[in-house]
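Report on one structure; see the data block that follows.
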Amino acid sequence: MFEKGQAEFTFFSPEWHEEVSSTNTLLKERVASGGVLSGTVLAARRQTRGRGRMGGDWLSSREGDLTFSFYIRRRLPPAVMATLPMACALGVCDFLALPPWRIETRCKWPNDVLANEAKICGILAEGGVMSDGSMGLVIGIGVNLRDYPDRDGILGRLTTYMGEYYENIGDAPTLLPLLLEKLAGRIREWDVAGFSSVRADFESCLWGVGRHVTAKTGRGRVAGTVDGIGPNGELLLHGTHGETFVVSSVSALEEDG
Ligand code: BTN
């Protein structure tokens, strides 16, 4: 996976903003105008129009969450790049496991992070093929610190925040370098051999194993018991007749009643 001459992945110092519409939107605009280096990080104390997966919103209150986006560019097929957010979700789990807060988490496929069944972090990856044929991704991460974003569609679902586990968690600018260090570690691992480098860890922290779920996909609903993760990051469900369903994209994954 490593390209010849490719340096080990590192982040640049985060560029902090008081308020932006969305760190993903702003970074994507920058990328479109050119000159953004892989590893660039843009963070905001407040987003006014934060965005979530599948066209949802990610609403923030000041200091309520840690919101940032970074840019990464690789000469890899889109299907391989699509697994990078899963490696990032693991990096978030590593960060949340740090002392003193030591929050135990699970990755809900493909890349939500849950603590005690409640969502604590969301990840939004956006990008495409660049003019030189490489893939550029803007990966936006929102971690609930003292509050939780009232994301459309998430209302009524379980949501949590770091402050529920540890009172003095510190502010977003203090926490971001710790999170970036853990993310960089997982990205370096992923850089070695793509998803196969992180598959075992992802599977061991996978949410819902053995539970019956319904996945809403572009081609309808698929119901089955969560079995594990395929070699390319797909979700494997076990059907009632012993069949295996290989799910590669979902708009929603819900546990059945
Ligand atoms: C989701 O759970 O649907 C993904 C939410 C991603 C939210 C983050 S916050 C930082 C970045 N900027 C955005 O507008 N969205 C992402």
Side-chain angles (χ1 to χ4, degrees), residues 11 14-32 36 39-72 82-93 95-96 105-115 117-127 136-162 171-173 175-177 179-180 182-183 207-208 215-217 235 249-254:
F11 286 111
E15 177 186 314
W16 274 96
H17 291 254
E18 262 313 297
E19 184 174 292
V20 300
S21 57
S22 144
T23 54
N24 262 43
T25 304
L26 187 58
L27 192 50
K28 272 171 59 182
E29 284 166 7
R30 294 253 189 101
V31 170
V36 174
T40 296
V41 183
L42 208 146
R45 284 191 170 257
R46 185 171 138 76
Q47 295 187 123
T48 52
R49 298 188 72 172
R51 295 183 294 107
R53 290 179 67 236
M54 306 291 164
D57 294 327
W58 179 275
L59 303 180
S60 310
S61 58
R62 199 186 153 78
E63 306 294 335
D65 52 2
L66 167 57
T67 53
F68 68 100
S69 303
F70 68 91
Y71 180 59
I72 183 163
T83 65
L84 179 57
M86 297 167 81
C88 292
L90 276 179
V92 173
C93 295
F95 159 75
L96 291 169
T105 50
R106 296 257 148 217
C107 292
K108 184 175 177 189
W109 192 87
N111 53 39
D112 277 351
V113 178
L114 310 189
E117 299 292 315
K119 180 159 168 169
I120 194 163
C121 165
I123 298 179
L124 173 66
E126 302 180 289
L137 275 192
V138 168
I139 299 187
I141 301 185
V143 180
N144 301 331
L145 301 182
R146 283 185 196 79
D147 198 353
Y148 57 88
D150 219 1
R151 178 178 177 266
D152 276 353
I154 211 173
L155 279 173
R157 292 192 207 165
L158 282 176
T159 309
T160 189
Y161 49 99
M162 287 182 74
D171 61 6
L175 295 169
L176 182 55
L179 174 48
L180 291 180
K182 293 297 178 193
L183 279 175
W207 170 87
K216 245 202 247 172
T217 76
L235 179 69
S249 88
V250 291
S251 56
L253 180 66
E254 300 298 345

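When a ligand or atom number is given, it counts from 1 through the structure's own listing order. Note: hydrogens, waters and symmetry copies are ignored here, and every other heavy atom, side chains too, is used.
With Trp58 as reference, Gln47 is the one residue of Arg49, Arg51, Gln47 to meet the side chain to side chain contact (heavy atoms under 4.5 Å, CB included) rule.
Side-chain contact check for Trp207 and Asp112: no donor-acceptor pair (N or O, by modelled atom type) lies under 3.5 Å.
Across all their heavy atoms, Leu183 and Cys88 have their closest contact at CD2-O, 3.3 Å.
Considering backbone and side-chain N/O atoms, Thr67 never comes within less than 3.5 Å of an N/O atom of ligand 1. Checking only distances, Arg51 does come within under 3.5 Å of ligand 1, N or O to N or O. Annotation: Arg53 places an N or O atom under 3.5 Å from an N or O atom of ligand 1; distance criterion only.
To the nearest 0.5 angstrom, Ile120 atom CD1 is 8.0 Å from Thr105 atom OG1.
Atoms of ligand 1 found under 4.0 Å from any heavy atom of Gly140, numbered from 1 in the order shown, are 8 (C), 11 (C), 16 (C). Short contacts between ligand 1 and Ile123, defined as distances under 4.0 Å to a heavy atom of the residue, involve ligand atoms 4 (C).
Under 4.0 angstrom from ligand 1, there are no non-hydrogen atoms of Met54. Using a 4.0 Å cut-off between heavy atoms, Asp65 makes no contact with ligand 1 at all. Counting heavy atoms closer than 4.0 Å to ligand 1, residue Ile141 contributes backbone atoms (N, CA, C, O) but none from C-beta onward.
Taking a 4.0 Å cut-off on heavy atoms, Lys119 registers as neighbouring ligand 1. Contact analysis puts Ser69 in contact with ligand 1, with a non-hydrogen atom separation below 4.0 angstrom.
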